[in-house]
Every structure is written in C-alpha cells, then in structure tokens.
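Okay, so here's the structure we're looking at.
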2 protein chains.
Amino acid sequence: MAAVTLQDVALRAGVSQATASRVLNGSSRVPGAGVADRVRTAARELGYVPNAQAQALARASTGLIGLVVHDIADPYFSSIVRGAQAAARVARKQVLLASTDRDFDVERDSVSTFIAHRADAIVLAGSRQSGDLDRDLEAEFDRYRANGGRVVVIGQPLAFGGAVEPENYSASAELADALVAAGHRRFAVIGGPGSIRTAVDRRNGFVDALCRKGLSTVVEVTGEFTRDGGYSAARRLAAALQLEPGLAAGPVCVYAVTDVMAIGAIAAWRELGLRVPDDVCVAGFDDIPTLRDHTPSLTTVALPLEQIGARAVELALDSAADLRERAAGRVILRDSTRLG
Amino acid sequence: MAAVTLQDVALRAGVSQATASRVLNGSSRVPGAGVADRVRTAARELGYVPNAQAQALARASTGLIGLVVHDIADPYFSSIVRGAQAAARVARKQVLLASTDRDFDVERDSVSTFIAHRADAIVLAGSRQSGDLDRDLEAEFDRYRANGGRVVVIGQPLAFGGAVEPENYSASAELADALVAAGHRRFAVIGGPGSIRTAVDRRNGFVDALCRKGLSTVVEVTGEFTRDGGYSAARRLAAALQLEPGLAAGPVCVYAVTDVMAIGAIAAWRELGLRVPDDVCVAGFDDIPTLRDHTPSLTTVALPLEQIGARAVELALDSAADLRERAAGRVILRDSTRLG
DNA sequence: CTGAAAGCGCTTACAG
DNA sequence: CTGAAAGCGCTTACAG
C-alpha cells in the first residue's frame with residue numbers, strides 16, 4: 001500500500017540509503033558507475049518516486065512558489081499566472097495557487113497556508129490601496145522573510161520585498177496624450193473603486209496628463225471593476241452629459257480604466273441608441289485577447305502581463321536582492337476613438 | 001533564523017510536544033482548558049506556524065490537490081480552475097497548478113511532480129484523443145492510485161478514476177436541433193484538431209443531429225483551437241463555398257466548435273465583406289464572458305465550467321467511489337444565427 | 001489528561 | 001567512494 005521508499009530501493013540495489021540518495025537525487029558526490037547503475041535500475045523497477053515532503057523537510061526547501069491572485073477567471077490575472085507558471089517551470093518549481101475572490105480574509109488565509117507549506121517564495125498579484133496591507137499580514141510576512149522566505153508583489157505598495165510595477169499611471173498619461181494628439185478635447189472618465197490602487201493610478205495618470213495640456217474632464221463616474229460596473233457607470237455618465245445621438249458638440253472621449261468596463265459601457269450606450277465612436281468615443285485598458293475582434297475595435301493599453309508574471313517569479317527566486325521593476329504599457333489606438 | 005517550532009511552543013508553555021500538538025493541531029483528545037490556553041498563548045506570542053511538510057510526513061496526507069490544465073490563460077480553463085479553487089477552499093485543501101501549453105511531456109512531468117509531492121488527488125482537465133493517455137502516465141497513475149491517490153479527469157477518457165464529462169456531443173446536437181427549428185437548412189462546420197476529443201465530439205454531435213433530420217453539412221474545414229485557427233478555416237470555407245455578399249441561396253449556418261474560433265471566423269468574413277448574420281450565420285461553443293457583448297451577439301452553448309471544476313475536486317475528495325458525472329450544456333440562440 | 005518515544009522518508013555532515 | 005547515524009518538525013499509538 002505505501003509508496004516505494006528510498007530504503008526499498010537501497011535494499012534491492014544492495015547499497016546504503018545514503019548511496020541511493022546520492023545517485024538518485026543529484027549530489028555532487030557521484031558514486032561509482034556500477035553502483036549508480038544498480039541503484040537506478042532498482043529505482044526504475046520499483047517505480048520509486050521521491051517523497052518531496054520528506055525531501056523538503058530534510059533540505060529546508062520545498063520548491064514551492066505561492067501565487068495569490070484576486071480572480072483566476074479574470075483574463076488579467078490568468079495571463080499573469082500563465083507567465084508565472086512558465087517561469088516556475090524553467091526554474092523547476094511548483095506553483096501553489098490561491099484565487100481569493102477579492103476577499104481579504106481569504107487572502108490572509110492563503111498566505112498563512114503558503115507559509116505553513118514553507119513555500120520558498122510568495123507572489124502577491126492584485127491591487128489594493130496604499131497602506132491597506134493589514135497588520136496581521138505584514139507581521140506574518142516579516143517573520144516569513146526572517147526565515148528566508150521571499151515576497152514579491154505585483155502592482156501594490158509594500159515596504160519590503162521585491163516588486164514588479166505595471167506602469168498604470170504613465171501608460172494612462174500616454175493614452176491621454178495620444179488621444180489629444182488625435183484631436184480629442186472633451187474627456188470623461190469611468191473609474192473604478194477608490195480602494196483599488198490600479199484604478200486610482202489609471203485615473204490619475206489620465207487626468208494629470210490632460211491637466212498638463214490645459215484640459216480637464218467634463219465628468220467622472222465610477223463603478224465596480226466589472227462589465228456591469230462599466231455598464232451602470234456609463235448610464236450615469238450618459239445622463240450627466242445628456243448624451244444623445246448626433247450631438248453638435250461631437251463625441252466626448254471616455255476613458256474606462258478597464259477593457260471589461262469599456263465593454264459594459266458600450267453595451268449601455270448601444271441600448272441608449274448611442275453609437276461608438278460617432279456619438280461617444282471610448283478607450284479601455286488591458287487589451288484583452290478575446291476583445292481584439294470587438295466591433296468597434298477598442299482603443300486600449302496593453303500591459304505585458306505574462307512577462308510581468310514571469311518576472312515576478314524570477315525576482316522571487318533571485319535571492320540576491322529585493323528588486324523593484326517597472327513594466328511599461330503600450331497604447332493602441334483603434335476605432336473606438338476614431339474621429340469622423 | 002529557523003522558524004518557530006512546535007518544540008519551542010511546548011517549552012514556553014511548559015508542556016510536552018505531544019500536548020502542544022494536540023491542542024494546536026486539532027485532535028479529539030482535548031487537554032485541560034488551562035493547559036490549552038497556555039499552549040495557545042505561547043504559540044501566538046512566538047508566532048508559531050505549523051510546518052505543513054512535517055505534518056504531511058507524519059500524517060501521510062498533504063492536503064494538496066494537483067490541477068493540470070492545457071492553458072491557464074484560456075478562459076475555458078481558467079473558469080474551471082476558478083471553480084476548482086473554490087471547492088478546494090471549502091475543503092481546506094491547497095491547489096498545485098500546472099499549465100502545460102498542451103505539451104504532453106510537460107503534462108507527464110507535472111503529474112510526476114504532483115505525485116512526488118504526494119498530492120492527495122490529481123485533477124486532469126483538458127482533452128485528448130481516446131487511448132492517447134500514454135503508457136508511462138497510465139503506469140504512474142496506477143501506482144499512484146494503489147498508494148491511495150485519487151485521479152479525476154475532466155472531459156477525457158480514462159479507464160479508471162473519477163470523471164466529469166461535459167456533454168459536448170449532446171449539447172452540440174441540441175444546438176443543431178435548435179438551429180434547424182429556427183429555419184436553417186444549409187450547414188457547415190469549422191472543426192478543431194482531430195486529436196482533441198472535445199473538438200471531435202462537438203463536431204459529431206452536430207453532424208449526427210443534422211443527419212437525424214435528413215440534413216448534412218455542405219462543407220467542413222478544421223483549424224487550430226484558437227482565434228487564428230478559426231480565422232484561416234473561415235477563409236478556406238468562404239473560398240470552398242464561394243461565399244459573397246447577398247447570395248440568393250441565403251446564409252449558410254456555420255458551426256465553429258469554439259467561441260474563439262467563431263470570433264476569428266467572423267473577423268475573416270468581415271474582411272471579405274461578408275456580414276453576419278445576413279451573408280453567413282455562425283454559432284460557437286463556450287459562452288465566453290468577455291464575448292457576451294460582441295456584435296453580432298454570438299449564438300453559442302454554455303457549459304457550467306466553474307461547477308465542472310468544483311465537482312471535479314469534490315469527486316477527487318470523495319474517497320468513497322470513482323464517480324462519473326455529466327455536465328449538460330445550454331444552447332443560447334443569439335443574433336449571429338438570426339434569419340432575416 | 002499528559003508524556004516519552006518511535007516513526008514518517010529523506011539529506012548530509014562525519015567517519016572510514 | 002560508501003555507510004551509520006543524527007536530524008528535519010510533526011503525529012500518534014502506547015503507557016502512565
């Protein structure tokens with residue numbers, strides 16, 4: 001019933017457990033060729049699979065990387081995880097995944113469990129307000145790091161550890177600049193929850209850039225970070241601006257801080273008889289793959305999400321230093337902000 | 001440097017390690033209230049975090065569930081993983097994730113590693129041809145199961161273990177029936193690779209249902225299981241059928257076995273000046289959330305993906321039996337197959 | 001209720 | 001090059 005043990009292999013090969021361990025699990029001290037062969041043969045015949053738990057206990061390293069995301073079904077996070085996975089694979093590490101549904105209790109719990117599992121590193125993806133990292137979590141991280149654990153965050157403030165920072169602020173500023181250059185002058189924003197730093201950074205980057213050009217938004221509304229959040233925000237925006245088909249003023253250019261919110265907004269406006277980009281223009285952020293064939297095609301900003309995920313685990317595995325990196329966004333102008 | 005140990009806690013509380021273990025890590029034998037309090041206090045003050053590796057070794061159960069998917073960035077799989085995550089959380093298990101990029105070597109490797117980590121169960125999501133599960137993998141699974149490991153597959157054939165089977169075949173048949181009922185008579189199929197069972201089942205379910213109505217497809221083409229696969233297949237299909245705007249025969253109704261392929265197809269046709277649904281109709285499969293606001297809205301089939309993922313881990317955790325379950329699809333008729 | 005001790009399956013100085 | 005032995009941090013019969 002019990003799995004084949006190193007002891008079993010050693011017995012069959014007629015060597016000591018130590019020797020079997022050395023040939024099977026890569027030590028610098030390589031035993032004689034004949035011995036090594038006997039051990040390997042025995043292992044194969046018995047179907048020996050090393051017990052990673054026991055190895056971890058003996059080695060004080062588990063080869064595990066804990067990954068915490070808000071929602072694995074969100075394309076933003078699943079792309080990050082894809083990149084993280086790939087990087088973990090080349091480093092021969094395993095990924096422990098937690099999808100928290102944005103529940104901070106669950107998040108804290110997941111981190112605790114990762115620490116209990118003695119993950120070599122923990123990567124926290126997702127975003128929250130400055131200083132929002134609660135005391136408990138921070139205390140746990142401190143101890144974790146004191147015991148040799150590595151922490152890397154993606155897109156959130158943290159006093160310690162590594163970080164890879166998507167440039168939400170400056171990419172949004174570039175988007176604003178590009179839209180102004182394209183001839184837009186009247187702007188509005190559909191922002192996200194004030195508690196989410198990504199949402200705030202994107203909004204600020206956009207508004208600040210406009211300000212530098214002597215422009216400002218005519219109205220701002222906010223909603224949940226979802227399709228429906230964009231939908232209802234867009235209705236409020238339409239009401240506030242008294243938008244209707246064929247206004248003489250020309251289309252206002254709306255920045256929805258997320259592609260999915262932009263999609264919800266377009267749906268809302270369509271129901272109101274408003275056409276994009278003729279009656280209202282809209283830009284999003286994220287460049288979600290399944291949205292690339294949307295009609296009208298959506299002006300947006302692409303972030304190198306997979307690369308961000310990969311870099312995060314690379315930083316986590318690089319025990320040298322607590323590096324901080326930035327990941328630039330790329331503005332993509334498409335039909336949804338095309339001026340007639 | 002080293003983490004706080006159960007021994008440390010016991011010392012500080014003035015009890016034996018055994019007692020500390022019993023109060024901290026839930027045993028039925030509950031020590032006296034005073035003692036328990038002392039231990040808990042000591043643990044808190046020291047910041048004790050149980051070493052899951054050591055517990056696993058001593059208990060012969062890791063609380064780990066291995067999850068293998070083809071591509072975590074694919075909405076199909078990320079939805080499954082989301083459901084699996086949620087179910088794992090209620091069962092207080094941790095998820096080990098592997099995204100294989102459809103590379104069978106990587107897949108085999110991931111399974112081996114999961115076994116090495118002594119995962120309590122392994123869930124394999126993704127699809128392959130009948131009997132394609134290679135010998136090595138199968139042999140490993142056999143040993144794994146003999147040692148008490150549980151295996152559950154999603155949407156693929158496996159002689160042993162549990163399974164949850166998305167009803168690709170019958171849901172596709174229902175789709176065909178619905179389209180015929182809506183008045184369609186001329187059909188075509190954009191299928192996937194013959195090596196992917198999901199693709200084959202969907203195609204067969206559709207074609208067989210047509211057959212039962214005395215109908216058959218006018219042409220079938222295949223492509224990769226991607227947006228670009230759908231795009232190029234759609235071009236071939238258009239050429240084969242000599243599709244052009246405003247054909248007198250009316251629109252042919254094309255079943256693309258995946259939403260993303262359908263999206264690629266629509267893009268290809270748009271470039272050719274063909275309009276959906278006026279010149280050509282199209283239905284997909286999957287009901288991808290970010291595509292729900294697509295124009296034209298896409299007729300498709302929804303699978304309860306999260307539920308499928310959740311059921312898979314529930315089955316994996318239910319050591320009673322190797323259950324097999326079916327998950328029905330739901331046909332959703334939308335604009336892309338609307339007849340004028 | 002509580003503790004001493006063996007055992008889970010490995011790795012790794014330490015001797016030979 | 002090879003082996004005996006201690007140790008990694010827990011759990012759990014087995015005694016008391």
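Naming: A, B, ... by sequence-line order, numbering from 1 per chain. Keep in mind that the numbers below use all heavy atoms, side chains included, and drop hydrogens, waters and symmetry copies.
Within the 4.0 Å cut-off from OP1 or OP2 of C:dT2, not a single side-chain nitrogen or oxygen of B:T19 is found. Phosphate proximity of D:dT11 to B:S21: present, with a side-chain N or O under 4.0 Å from OP1 or OP2.
A:Q53 places its CD atom 13 Å from the C1' atom of D:dC8, with the value rounded to the nearest Å. In this structure, the CG atom of B:L11 is 14 Å from the P atom of D:dG9, given to the nearest Å. Residue B:R22 contributes atom CZ, which lies 8 Å from atom P of C:dG3 at whole-angstrom precision. Here the C1' atom of nucleotide D:dG9 and the CG atom of A:N147 are 14 Å apart, to the nearest Å. Atom CG in A:L6 sits roughly 12 Å away from atom P in D:dG3 (whole-Å rounding). Distance B:R38 CZ to C:dT2 C1': 12 Å, rounded to the nearest Å. Rounded to an integer number of Å, the gap from CZ of A:R59 to C1' of C:dG9 is 12 Å. One atom, CG of B:L57, and another, P of D:dT11, lie 11 Å apart when rounded to the nearest Å.
The base-pairing partner of C:dA4, taking Watson-Crick or G-U wobble contacts with both distances under 3.5 Å, does not exist among the strands shown. Across all strands shown, nothing is found opposite D:dA13 as a Watson-Crick or G-U wobble partner with both distances under 3.5 Å.
Of the inter-residue distances, the one linking B:L317 atom CG with B:D120 atom CG reads 7.5 Å to the nearest 0.5 angstrom.
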Checklist entry - Stepwise, does the side chain to side chain donor-acceptor pair (under 3.5 Å) test hold for A:S110 with A:T113? => result CA-CA 5 Å; A:S110 302; A:T113 311; over 6 Å; no
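Taking atom C1' in both C:dG16 and C:dT12, the straight-line distance is 16 Å, to the nearest Å.
Comment: A:R89 does not engage B:D103 in a salt bridge, judged by the lack of any side-chain N to carboxylate O separation of less than 4.0 angstrom. Under a 4.0 Å N-O distance rule, the pair B:R311/B:E314 qualifies as a salt bridge.
Looking only at side-chain heavy atoms (C-beta outward), B:L64 and A:H117 come within less than 4.5 Å of each other.
Note on B:A18: a base of the nucleic acid sits closer than 4.0 angstrom, heavy atoms only. Contact annotation for B:Q17: base contact, defined as any heavy-atom pair under 4.0 Å involving a base atom.
Side-chain atoms of A:A54 lie closest to C:dG9 of the nucleotides C:dT11, C:dG9, D:dC10.
Residue order along DNA chain C, read from the 5' end via each residue's closest nucleotide, puts B:S16 first among A:Q55 and B:S16.
Not a single donor-acceptor pair, N or O on each side, falls under 3.5 Å between the base of D:dG9 and the side chain of A:R118.
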